[in-house]
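The first residue of the sequence shown is numbered 1, and numbering continues consecutively from there.
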Amino acid sequence: MKLIAPIYVSPLDSEGQFQNVEINDTEIIIQGENFFSVKFDMTYQKNDRTILLGSHTLSFLGDEGDEQSSNRTTKISILNPEYDSEDPESKPRLTVPMLAYIAENGMPEDYQMVDWGFPTAEKARQMFTGGSLDDPRVELTDPFARQWLLNTLNFKGEKAIVQFQFV
């Protein structure tokens, strides 16, 4: 899997601008059925050398339904159908679990992502394909999973989605 920023401007004042910066998966760790992690390195080429700008590891724990897991529910903000502008306690928007809402009501037209959530090791192994001796690179093909990754990977205090895109 590769993400690229043709021109990367570091959010850190002590750094500058870099050309053709890449984020690549560089290490996969699988420990039994309950732990899975993927390490990502952000690099660029300078004088035929690979320069490391940063690393970020995403670690996933547990299976669906486990008491201890890395699971965090994805949440969206939707319009409140019972909003009453004359009631000071009433709020114009509600935050709801995304998958439960969609299963019951379908995809809302007007929504905002509040929390992209975080999968368990079980779900992460399903999201990321590859990662074996025969196919060492991992890939994400699901559009939601790709957006999740761009919004979850964080380098130098900035989400990858700000400057990077999938190749």
- Exceeds 12 heavy-atom contacts within 6.0 angstrom, atom CD of E64: yes

- Give the cluster check for L61 versus F118: same hydrophobic cluster or not, with ILVMFWY residues linked at side-chain heavy-atom distances below 4.5 Å. no

- Item | L153 side, atom CG; T57 side, atom OG1 - distance, nearest 0.5 Å | 10.0 Å

- Query: Would you call K39 and D25 a side-chain contact if the rule is heavy atoms closer than 4.5 Å?
  - Reply: no

- Gap separating the CG atom of N80 from the CZ atom of R93, nearest 0.5 angstrom: 10.0 Å

- Message: Surrounding NZ of K156 (heavy atoms of other residues, nucleotides or ligands, distance under 6.0 Å), is the total greater than 12?
- Response: yes

- Query: With hydrophobic residues grouped by side-chain heavy-atom distances under 4.5 Å, do V138 and L140 end up in a single group?
  - Reply: yes

- Message: Does any part of the side chain of H56, heavy atoms only, come nearer than 4.5 Å to the side chain of M42, both counted from C-beta?
- Response: no

- When rounded to the nearest 0.5 angstrom, what is the spacing between OG in S70 and NZ in K123? 12.5 Å

- Taking E139 for its side chain and M1 for its backbone only, find out whether a donor-acceptor pair lies under 3.5 Å. yes

- Backbone of T26 reached by a side-chain donor or acceptor of N24 within 3.5 Å: no

- Give, for atom CG of D66 and atom CD of E33, the distance between the pair rounded to the nearest 0.5 Å. 11.0 Å

- Do V21 and F164 have side-chain heavy atoms sitting under 4.5 Å apart? yes

- Message: I need the minimum non-hydrogen distance between P97 and T73, along with the two atoms involved.
- Response: CB-CG2, 3.7 Å

- Message: Is there a side chain to side chain contact (heavy atoms under 4.5 Å, CB included) between L3 and F40? Walk through the geometry before answering.
- Response: CA-CA 10 Å; L3 304 172; F40 297 89; over 6 Å; no

- Item | M113-L99 co-clustered via ILVMFWY side chain contacts under 4.5 Å | yes

- Message: Using only atom types and a distance under 3.5 Å, with no angle test, would you say the side chain of R125 pairs donor to acceptor with the backbone of I30?
- Response: no

- Item | Spacing of T50 atom OG1 and D41 atom CG [to the nearest 0.5 Å] | 10.0 Å

- Would you say the side chain of T74 lies within less than 4.5 Å of the side chain of F144, judging by non-hydrogen atoms? yes

- Has Q17 got more than 12 heavy atoms of other residues, nucleotides or ligands less than 6.0 Å from its CD? yes

- Do any N or O atoms from the side chain of D84 and from the backbone of S90 form a donor-acceptor pair under 3.5 angstrom? no

- Group every Ile, Leu, Val, Met, Phe, Trp and Tyr by side-chain heavy-atom contacts under 4.5 Å, then state whether V9 and L150 land in the same group. no

- Message: A side-chain contact here means heavy atoms from C-beta on lying under 4.5 Å apart; do F128 and I28 qualify?
- Response: no

- Report yes if some heavy atom in the side chain of W116 is under 4.5 Å from a heavy atom in the side chain of Q147; otherwise report no. yes

- Would you say Y111 has more than 12 foreign heavy atoms packed within less than 6.0 Å of its OH? no

- Message: Looking at every non-hydrogen atom in both residues, tell me the closest pair between Y101 and G106 and how far apart they are.
- Response: CE2-O, 3.6 Å

- Query: For G62 and S69, which heavy atoms make the closest approach, and how far apart are they?
  - Reply: CA-CB, 4.1 Å

- Item | Heavy-atom check, side chain of D142 versus side chain of W148, under 4.5 Å | no

- Query: Would you say V114 and I76 make side-chain contact, with heavy atoms under 4.5 Å?
  - Reply: no

- Query: Can you name the closest pair of heavy atoms from I102 and M107 and give their distance?
  - Reply: CD1-SD, 3.2 Å

- Query: Got a second to check how far E15's CD is from Y8's OH, nearest 0.5 Å?
  - Reply: 6.5 Å

- Message: Distance alone, cut at 3.5 Å: any donor-acceptor contact between the side chains of T120 and D63?
- Response: no

- Query: In the single-linkage hydrophobic clustering (I, L, V, M, F, W, Y; side-chain heavy atoms under 4.5 Å), do I23 and I51 co-cluster?
  - Reply: yes

